[in-house]
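Inspection log for the structure reproduced underneath, given as structure tokens.
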Amino acid sequence: MRNDRAPRFYLGTLGCKVNQYEARALAEAWQALGLSRTDDPGQADLAVLLTCAVTARAEAESRRLLRNLARETPAGARLVATGCAAAVSPAALAGLGAAVVPDKAHLARHPFGPDSAAPRPAEAYPGLAVTGYDRARGLLKVQDGCSHGCSYCIVPAARGPSVSRPLPEVLAEAGRLLASGRREIGVTGINLGHWGRDLSPERSFWELLAALDARLGDEPPGSARLRLGSLDPDMLTDVGLETLVRCRRVSPHLHVSLQSADPEILAAMGRRPDDARRVSSFVDRLSREWPTLALGCDVLTGFPGESEAAFEATAAFLDALPLTYAHVFPYSRRPGTRAAALPGQIAKPVRAERARRLRELAETKSRDFLDRLSRVPRVEVALERTEPSVGACGEYVDCLFEAPVAAPLGAIVAARPVGADGRMLRVVPLPDGTRP
């Protein structure tokens, strides 16, 4: 490390929105310590990879990226692996020459050591925060870990038990994001439904959402909005419905962690056999309040014991839903999970074919929704870049402006759809429709 300049860090990120948030928090923490960021690992004194372990493929990709990073960083640079793969497979990453530091809050305070192989303290919310975001739409992390323990999932081993961020800290960070010009705030966590269960007194996620909606209510009408992260079907209650209907700053978009529609497969997954029924009922009722409801689902197919009939039940259920997109994953056998030892493991080609069929179904639904959205009179678009002007509307569809937009990045712009192009909605700005 040269003594005549600030130390430089390179930060690579793989995985979910929580990882993206934590990467931003790490970058801010290190910059506050006097480090400067570089996009060239060859110029870095510190090179860090935020890894993922949600699937076997993600973990293999983490190792590949770490090997590349080890080759690209200069001699003497410090190489660090953190994130979920660092928690579940530390030896494999250490074997690639990296210091393995699973606790990102510790790494934020001590980028050059001393190292700690310990996970985050189970009872404490990680001491990570942001003041802004490096994209036009900001993320707000409110919860970490999961205490449910689905039979296929490695995340509890990687992240530990659920822990909630205190509400005053959540509201304060929402204020910082708004002040930095982020007009859409994505509420994210590992299991949002567990927020508040460990607080005293116990609270619920829907209380948190109502408080955030009230906080955004201080902003000019139409100038700021919330977007929800993935919801567990167990959250889809009467209270949840009443809260969503009452909140005025929540985008008309739900993403539900469904996984399967077959009761026996859901039970084997360690989930609730009536999840599909709950999702169907909730979506039906919410659609009456949100006519252009955008609905996404996580689906896991090829789970051990999934018969052709069970698969077809899931496919038929998705076909009947007003689905607008789906994240479809073929089951990935993970050592250390209960599902890895279950009988009836499905052959890889069958898993891949079932995933292909569900993705094809979801693509058809996506095109149908885009066609329907192209005929509505108005959408609200969060501007993400200019030249050309592109953003995402409240219904979670990418929008391309066909006329110049005089607005800063992140602004909410009222627009009129004029057609569709591939997966994008073509729009024109409405007169006086910009809300900075």
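Computed from a prediction, not measured in an experiment: that's the story for all the values here.
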TODO: May I ask you to say whether Glu306 pairs ionically with Arg354, meaning some side-chain N is under 4.0 Å from a carboxylate O?
DONE: yes

TODO: Please say which of Ile190, Thr188, Val170 ends up in a side chain to side chain contact (heavy atoms under 4.5 Å, CB included) with Lys141.
DONE: Thr188

- [ ] Test Glu242 against Arg285 for salt bridge (Lys or Arg N to Asp or Glu O under 4.0 Å), laying out the working first.
- [x] CA-CA 10 Å; Glu242 292 165 6; Arg285 290 186 292 163; over 6 Å; no

- [ ] Write down the atom of Leu216, the atom of Leu178, and the distance for their closest heavy-atom approach.
- [x] CD1-CD1, 4.1 Å

Open item on the list: Evaluate Phe311 against Thr301 for side chain to side chain contact (heavy atoms under 4.5 Å, CB included), listing each step before the verdict.
Closed with: CA-CA 7 Å; Phe311 167 74; Thr301 191; 3.4 Å; yes

Task: Closest approach of Leu69 to Pro41 (non-hydrogen atoms, all atoms of both residues) - done: CD1-CB, 3.7 Å

Open item on the list: I'd like to know whether CZ of Arg135 has more than 12 heavy-atom contacts from other residues, nucleotides or ligands below 6.0 angstrom.
Closed with: no

Task: Derivation of the side chain to side chain contact (heavy atoms under 4.5 Å, CB included) call for Leu244 and Leu228 - done: CA-CA 11 Å; Leu244 289 173; Leu228 300 184; 3.9 Å; yes

TODO: Could you tell me which residues satisfy side chain to side chain contact (heavy atoms under 4.5 Å, CB included) with Ser164, sequence neighbours excluded, listed by chain and number?
DONE: Trp195, Asp198, Leu199

TODO: Any pair with a residue in residues 322-341 that passes salt bridge (Lys or Arg N to Asp or Glu O under 4.0 Å), sequence neighbours left out, goes on the list, sorted by first then second residue, please.
DONE: Glu59-Arg334

Task: Residue pairs passing the ring pair (Phe, Tyr, Trp, His ring centres under 6.0 Å) test where at least one lies in residues 256-306, sequence neighbours excluded - done: Phe303-Tyr331

- [ ] Mind listing the closest non-hydrogen atom pair of Leu128 and Ala108 along with its distance?
- [x] CD2-CB, 3.9 Å

Open item on the list: I'd like to know if Glu363 and Arg423 make a salt bridge, using a cut-off of under 4.0 Å between side-chain N and carboxylate O.
Closed with: yes

